[in-house]
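Everything numeric in this text was worked out from a predicted model, so none of it was measured.
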Amino acid sequence: SIANAIDGETLLINGLEINLFGIDAMERDQICQNGEGVDYPCGRSAVMALQNLIQNHQVVCLPFFAVSQTRVIGACEMVVDEGSLPTKPTDFLDEDYRPNSLSRLMVEQGFALTIGYGRELFGEEQRQAQVLRSGVWAGSFEPPALYRSRHP
């Protein structure tokens with residue numbers, strides 16, 4: 001389906017909000033500091049990064065569980081090549097590298113942190129983002145969960 005980014009970890013597809021599994025992106029109104037210590041809207045940067053990933057691609061998702069009637073947690077991938085589409089539910093969480101996983105790409109680009117099982121699936125991508133100083137790793141930031149607790 002065609003998708004739109006609501007925030008750095010949530011897609012809107014056909015009226016359903018899908019939270020990307022295994023990641024926690026910077027909050028929409030969150031401010032971070034770049035490598036020179038200058039404030040920038042890292043939350044908006046995360047939204048734009050997700051939107052840029054999907055803007056020219058359709059998206060396929062596997063919902064895992066419902067949070068509400070209009071919101072689910074799920075794994076999503078960009079449809080880049082019909083031959084690389086997941087063919088069964090376990091493909092979405094395959095230990096093999098899934099280059100079009102939106103969760104993986106957001107972590108790899110430094111716009112989201114791994115959480116829960118995502119640490120196992122995308123931990124190496126997060127370490128690489130830190131080493132390469134990608135996205136928020138180029139400066140300083142407050143982890144999104146801490147930011148949410150301080151800004152209810």
**Asked** Got N4 and Q55 here, is their nearest side-chain heavy-atom distance under 4.5 Å?
**Response** no
**Request:** Please report the closest heavy-atom contact between E108 and A129, naming both atoms and the distance.
**Result:** O-CB, 3.7 Å
**Message:** Quick check: do V72 and L16 have side-chain heavy atoms less than 4.5 Å from each other?
**Reply:** yes
**For S140 against C32, the heavy-atom pair lying closest together** = O-CB, 3.5 Å
**Message:** Membership question, hydrophobic clusters at under 4.5 Å side-chain separation (ILVMFWY): are I18 and M78 in the same one?
**Reply:** yes
**Message:** Tell me whether R119 contacts the main-chain N or O of G22 through its side chain, where contact means a donor paired with an acceptor under 3.5 Å.
**Reply:** no
**Prompt:** In terms of hydrophobic clusters joined by side-chain contacts under 4.5 Å, are Y147 and I6 together?
**Reply:** no
**Prompt:** Does any non-hydrogen side-chain atom of E27 lie less than 4.5 Å from one of H151?
**Reply:** no
**Message:** Taking F122 as the starting point, is it possible to reach L50 by hopping between hydrophobic residues whose side chains are less than 4.5 Å apart?
**Reply:** yes
**Request:** Please lay out, stage by stage, how R71 and N19 fare under the test side-chain contact (heavy atoms from CB on, under 4.5 Å).
**Result:** CA-CA 7 Å; R71 191 176 190 92; N19 274 72; 2.9 Å; yes
**Message:** Suppose we screen for ring-ring contact (aromatic ring centres under 6.0 Å, His included). Which residues come up paired with F64, at least two apart in sequence or across chains?
**Reply:** F21
**Prompt:** Do P63 and I73 have side chains that get closer than 4.5 Å, going by heavy atoms?
**Reply:** no
**Item:** Atom pair CG (L62) and SG (C76), whose distance is rounded to the nearest 0.5 Å
**Value:** 8.5 Å
**Rounded distance [0.5 Å steps], CD in E9 versus CZ in F111** = 14.5 Å
**Asked** When hydrophobic residues are tied together by side-chain contacts of less than 4.5 Å, even through go-betweens, does V47 share a cluster with Y40?
**Response** no
**Item:** Pairwise side-chain contact, L11 with V59, heavy-atom cut-off 4.5 Å (strictly under)
**Value:** yes
**Request:** Could you tell me whether the side chain of L53 reaches within less than 4.5 Å of the side chain of L102, counting heavy atoms only?
**Result:** yes
**Item:** Name of the residue among M106, Q126, E125, R127 meeting side-chain contact (heavy atoms from CB on, under 4.5 Å) with T114
**Value:** Q126
**Request:** Give a yes or no on whether the backbone of E142 and the side-chain of Q30 come within a donor-acceptor separation of less than 3.5 Å.
**Result:** yes
**Backbone of D7 reached by a side-chain donor or acceptor of T10 within 3.5 Å** = no
**Request:** Drop me the distance from I13's CD1 to I54's CD1, to the nearest 0.5 angstrom.
**Result:** 7.5 Å
**Prompt:** Does some side-chain heavy atom of H57 sit less than 4.5 Å from a side-chain heavy atom of V79?
**Reply:** no
**Request:** Considering only NZ, NE, NH1 and NH2 on the basic side and carboxylate oxygens on the acidic side, decide whether E77 and R104 come within less than 4.0 Å.
**Result:** no
**Complete:** Interatomic distance, CD1@I2 vs CG@L12, rounded to 0.5 Å, equals 12.0 Å
**Heavy-atom closest pair, residues W137 and G110** = CD1-CA, 4.0 Å
**Request:** Calculate, to the nearest 0.5 Å, the distance between atoms CE and SG belonging to M26 and C42 respectively.
**Result:** 6.0 Å
**Request:** Quick one: pull up CZ in R44 and CE in M48 and give me the separation to the nearest 0.5 Å.
**Result:** 11.0 Å
**Prompt:** Do the side chains of L105 and Y117 join up, straight or via other hydrophobic residues, at under 4.5 Å, putting them in one cluster?
**Reply:** yes
**Message:** F141 and side-chain contact (heavy atoms from CB on, under 4.5 Å): which single residue from N34, I31, V136 fits?
**Reply:** V136
**Request:** Answer yes or no: is there a side-chain heavy-atom contact under 4.5 Å between R148 and D24?
**Result:** yes
